[in-house]
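These numbers were taken from a predicted model, which means no experiment stands behind them.
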Amino acid sequence: MLSEKLPDMTDFDILYLRYPIWWDMMPMPVLSFLENIDTSDKIIRPFCTHEGNGLGNSLRWLKHSCPL
């Protein structure tokens, strides 16, 4: 189970999420990570690497994976 391999994030208030843009979105392993941790009380600061298309659609996927 993926959640058994993830670090304990309960002591963190801010999550700096760094990822590359792959085909206009964040990579699936990043999405899987977000879907398997509790982000309800976290501030998420995304930043990514890209080759000219900015954040792509990654913010849309981030909002979908981490609802308020």
Side-chain angles (χ1 to χ4, degrees):
M1 177 177 237
L2 178 63
S3 61
E4 293 175 2
K5 298 176 186 178
L6 294 174
D8 182 11
M9 304 296 284
T10 56
D11 292 336
F12 298 98
D13 296 326
I14 301 173
L15 175 62
Y16 290 92
L17 188 65
R18 185 173 83 171
Y19 54 90
I21 294 293
W22 289 356
W23 298 100
D24 203 38
M25 63 181 285
M26 67 178 58
M28 293 307 287
V30 177
L31 288 171
S32 294
F33 169 74
L34 292 172
E35 290 172 353
N36 285 283
I37 64 169
D38 181 14
T39 59
S40 59
D41 60 346
K42 308 278 185 255
I43 296 170
I44 299 176
R45 306 275 184 189
F47 59 103
C48 66
T49 58
H50 57 84
E51 194 175 320
N53 67 341
L55 294 170
N57 285 316
S58 66
L59 291 182
R60 180 174 60 98
W61 285 97
L62 183 61
K63 290 176 185 177
H64 176 74
S65 297
C66 304
L68 297 175

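- The shortest side-chain heavy-atom distance between Met26 and Leu34 falls under the 4.5 Å cut-off.
- Residues that satisfy the side-chain contact (heavy atoms from CB on, under 4.5 Å) test with Pro20, not counting sequence neighbours, are Trp22, Pro27, Thr49.
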Taking distance alone, no hydrogens or angles, what donor-acceptor pairs closer than 3.5 Å link side-chain atoms of residues 9-18 to residues at least two apart or in another chain?
unit_1: Thr10; atom_1: OG1; unit_2: Asp8; atom_2: OD1; d: 2.9
unit_1: Thr10; atom_1: OG1; unit_2: Asp8; atom_2: OD2; d: 3.3

